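Right, one structure below, let's go through it.
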Amino acid sequence: LPPLLSVGPAVSIRFGVSENTKKYIKSVTKKDSINFYQSYFCGMLAGFFNLPLAITNEHIRIRMQMQNNTAKIFNSSWDCVKKVYGRYGLSGLFKAGGITFFRDIFGYGSVFAAYALFS
């Protein structure tokens, strides 16, 4: 999907999940703050719930970048989504999602933990 349409929802999902997880942890532990490892967990969970959007975004973006300018297969990102879905079904949009899974889970865990550590 075009970045303008996909970045907003992705960021909203990540921060929404992270903040709600922080609230839950604080309510369970009866503390006013969370520690580094809990922040890491919040980020990992945020990355996990962001996966359906992240995997499809990455897959479509890479397909669009890989096509040859002289023999274009896809006219737009949306055209790419329609053609991939039409040929491979829903699983085609999530192709090669395993590496994105690891990147997002551990990557966002690190980002949110680092933010908590330095803020």
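Just so it is clear, the structure is predicted and the values come from calculations on it, not from any experiment.
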When rounded to the nearest 0.5 angstrom, what is the spacing between CZ in Phe112 and OG1 in Thr21?
9.5 Å
Going hydrophobic residue to hydrophobic residue with side-chain gaps under 4.5 angstrom, can you get from Tyr115 over to Phe49?
no
Look up atom CG in Asn57 and atom NE2 in His59, then write down how far apart they are to the nearest 0.5 Å.
11.5 Å
On a heavy-atom basis, the closest approach of Ser6 and Pro9 is O-CD, 3.5 Å
How long is the gap from CG on Asn20 to CD1 on Ile25, to the nearest 0.5 Å?
11.0 Å
Rounded to the nearest 0.5 Å, what separation is found between the CE atom of Met64 and the OG atom of Ser76?
6.0 Å
Decide whether Trp78 and Tyr85 are clustered together by the hydrophobic rule: side chain heavy atoms of Ile, Leu, Val, Met, Phe, Trp, Tyr closer than 4.5 Å, transitively.
yes
Could you pull out every donor-acceptor pair under 3.5 Å between side chains of residues 89-110 and any protein atom, sequence neighbours left out?
residue	atom	partner	partner atom	Å
Ser91	OG	Tyr88	O	3.4
Tyr108	OH	Arg14	NH1	3.1
Ser110	OG	Phe106	O	2.9

For a quick test of your reading: what N or O donor-acceptor pairs under 3.5 Å do the side chains of residues 31-42 make, sequence neighbours left out?
residue	atom	partner	partner atom	Å
Asn35	OD1	Tyr37	N	3.0
Asn35	OD1	Gln38	N	2.8
Gln38	OE1	Asn35	N	2.8
Ser39	OG	Asn35	O	3.2

How would you list all residue pairs meeting salt bridge (charged side-chain N to carboxylate O under 4.0 Å, His left out) that involve residues 38-50, not counting sequence neighbours?
none
Side chain to side chain donor-acceptor pair (under 3.5 Å) partners for Asn68, two or more places apart
Thr70
When you look at Arg63 and Met66, which way does the side chain to side chain contact (heavy atoms under 4.5 Å, CB included) test go after all the steps?
CA-CA 5 Å; Arg63 278 188 178 261; Met66 296 285 295; 5.9 Å; no
Met44, Val111: one ILVMFWY side-chain cluster at the under-4.5 Å cut-off?
no
Of all the heavy-atom pairs spanning Thr56 and Leu53, show the shortest one and how long it is.
OG1-O, 3.1 Å
Surrounding NZ of Lys26 (heavy atoms of other residues, nucleotides or ligands, distance under 6.0 Å), is the total greater than 12?
yes
The criterion is side chain to side chain donor-acceptor pair (under 3.5 Å); which residues satisfy it with Asp79, sequence neighbours excluded?
Lys83
Please find the pair of heavy atoms, one from Cys80 and one from Phe74, that lie closest to each other, and give the distance.
CA-CD2, 3.4 Å
Any residue meeting side chain to side chain donor-acceptor pair (under 3.5 Å) with Gln67, in chain and number order, not counting sequence neighbours
none
